[in-house]
Amino acid sequence: MTTSASGTPGTPPPPPSAPPKPTWDPFQPRNPHPWLRPTIRIRLTLLYGGMFLIAGMVLLTIIYLLAAQALKDGSHLPFQIIGVRDQTTDAVCRLPARADGGGLTTSELTAAVQQCMERQRQIALDVLLQRSLLALLGLAVAAFAFGYVMAGRVLSPLERITRTAQQVAGSDLHRRIELDGPDDELKELADTFDRMLDRLDRAFTAQRRFVANASHELRTPLAINRTLLEVQLSDPDASPELVQLGKTLLATNERSEQLVEGLLLLARSENEIVDRKPVDLAEVASQAVDQARGEARTAGVELRGVRRPVYVQGNGVLLERVALNLVQNAVRYNLPEDGWVSVETRARPGQAVLEVENTGPMVPAYEVDNLFEPFRRLRTERTGSDKGVGLGLSIVRSVVRAHGGMVLARPREDGGLLVRVTLPV
């Protein structure tokens, strides 16, 4: 009789709860508004334009105060009125009339003229302020435009360095900046970058030479061993013990061949793909599903999913290897019964998506990133497994990065993984 954790006899213990979901969504696109990126040119433009605008406002304030003081000092009448005949027609400076119909006294007339001049001074100041603000607005626009042009001229060497770095990122290690001009900080930066590119070019050339030599030196003895073992196993007079030993050694040799092939493919896929051709991602995924169908049938795993045509620029063989590794990984790490693997392709604006989802054991969120490391599996299992050599997801990540794409994975609530590969179209 079994007893549950709560003490009730006869009831099985509750299943383990799912690992906590991550609080972030790894599938959200990064930097959705690249045009809002605060570049150095924009910041220099704002700095130059802002400084000019502040200087213009200070200058306008000083001019306005000086003009106001000058108009105030010049508004006092340097004479005394002893008589007047009112013929004013301007509504702004119309002299007031007395209630009894009589004429204005000299003091009243002087005050009226003083008030009229004050009103004229205020109108003149208002017109001066309006025209000065319009002039300041025009100068501010010209200042920002001039600042933008000057910032572009100052930063043109940096733009040249950036373009060269982008071309180098596309595996064109033979490009150099070769910046001309005065021996300043930007010239020093460009020369340092050129020297770094020289070292990188030599290092990658040596790596490619090593991969080519290792491909021959490692494959040849393994192929010879496989041939000798197959010949020995074909001998009808061989004893059962010898046959069993030969099968064991042949399986070990085959595993070593797979490991060598995986390492060589991993080394070759680190560089970005230069020779690109149109590839239908749906066709690549369908071929991978067909190749894994026999293994899935043996494991009792259902293969399903809708694969819509979507074309990308890349290497069809490497992309097929990506899809095959994901499908095989999803089939091998699945439920013992009633498991399924969904393989789908679809198009998004500017992107092509390959999505592989499968049932399986619970995967903690903190273990997902470790699955993409070489020779790493769930629960830190190393290469002592019969499900592969531990390079499948590492090859997937390297090939996807070489195509300028991104691969992300997240655990499912019911167990298993959802792996999404995003490639530029």
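Keep in mind that this is a model prediction, so the values were computed, not measured.
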*asked:* If I compare all heavy atoms of Gly416 with all of Val363, which pair ends up nearest, and what's the gap?
replied: O-CG2, 4.0 Å

*Grab the two heavy atoms, one from Asp280 and one from Pro309, that are nearest each other, plus how far apart they are.*
OD1-CA, 3.6 Å

*asked:* Quick check: do Val310 and Arg346 have side-chain heavy atoms less than 4.5 Å from each other?
replied: no

*Between the side chain of Thr359 and the main-chain N/O of Trp340, is any donor-acceptor distance below 3.5 Å?*
yes

*Do the side chains of Glu320 and Gln291 get nearer than 4.5 Å, heavy atoms only?*
yes

_Taking the basic N atoms (NZ, or NE/NH1/NH2) and the acidic carboxylate oxygens, is any pair closer than 4.0 Å for Glu283 and Arg307?_
no

*Counting distance only, does the side-chain N/O of Ser394 pair as donor-acceptor with the main-chain N or O of Phe372 below 3.5 Å?*
yes

*Glu188 CD: over 12 foreign heavy atoms closer than 6.0 Å*: no

*May I ask you to decide if Gln351's main-chain N or O and Arg348's side chain share a donor-acceptor pair within less than 3.5 Å?*
no

*asked:* So Leu417 and Tyr333, do their side chains get closer than 4.5 Å, heavy atoms only?
replied: no

*Residue from Val353, Leu408, Leu354, Val356 passing side-chain contact (heavy atoms from CB on, under 4.5 Å) with Val421*: Leu354

*Just one of Val289, Leu326, Asn358 clears the side-chain contact (heavy atoms from CB on, under 4.5 Å) bar with Val343, so which one?*
Val289

*asked:* I want to check something: taking the side chain as every heavy atom from C-beta on, are Gln313 and Pro278 in contact at a cut-off of under 4.5 Å?
replied: yes

*Could you check if a side-chain atom of Asn325 sits within less than 4.5 angstrom of a side-chain atom of Leu393, using non-hydrogen atoms only?*
no

*Would a distance-only check, ignoring hydrogens and angles, find a side-chain to backbone donor-acceptor pair under 3.5 Å from Ser398 to Ile395?*
no

*Report yes or no: do Gln122 and Asp126 form a side-chain donor-acceptor pair below 3.5 Å?*
yes

*asked:* Given 3.5 Å as the limit, does a donor-acceptor pair link the side chain of Arg410 with the main chain of Ala365, or not?
replied: no

*If you measure from the Lys or Arg side-chain nitrogens to the Asp or Glu carboxylate oxygens, is any gap between Arg420 and Glu357 under 4.0 Å?*
no

*With side chains defined as the heavy atoms from C-beta onward, is the minimum distance between Leu318 and His403 less than 4.5 Å?*
yes

_Nearest 0.5 angstrom please: Gln244 CD to Leu249 CG, how far?_
10.0 Å

*Should the pair Asp191-Arg195 be classified as a salt bridge under the 4.0 Å nitrogen-to-oxygen rule?*
no

*Any chance OH of Tyr311 has more than 12 other-residue heavy atoms, nucleotides or ligands included, within less than 6.0 Å?*
no

*Minimum heavy-atom distance Ala409-Val368, with the two atoms named*: O-CG1, 3.5 Å

*To the nearest 0.5 Å, what is the distance between CG (Asn334) and CD (Glu302)?*
10.5 Å

*Side-chain heavy atoms of Lys277 within contact of Val312, under 4.5 Å*: no

*Applying salt bridge (Lys or Arg N to Asp or Glu O under 4.0 Å), run through Arg308 and Glu344 and close with a yes or a no.*
CA-CA 7 Å; Arg308 298 179 177 86; Glu344 297 184 352; 5.6 Å; no

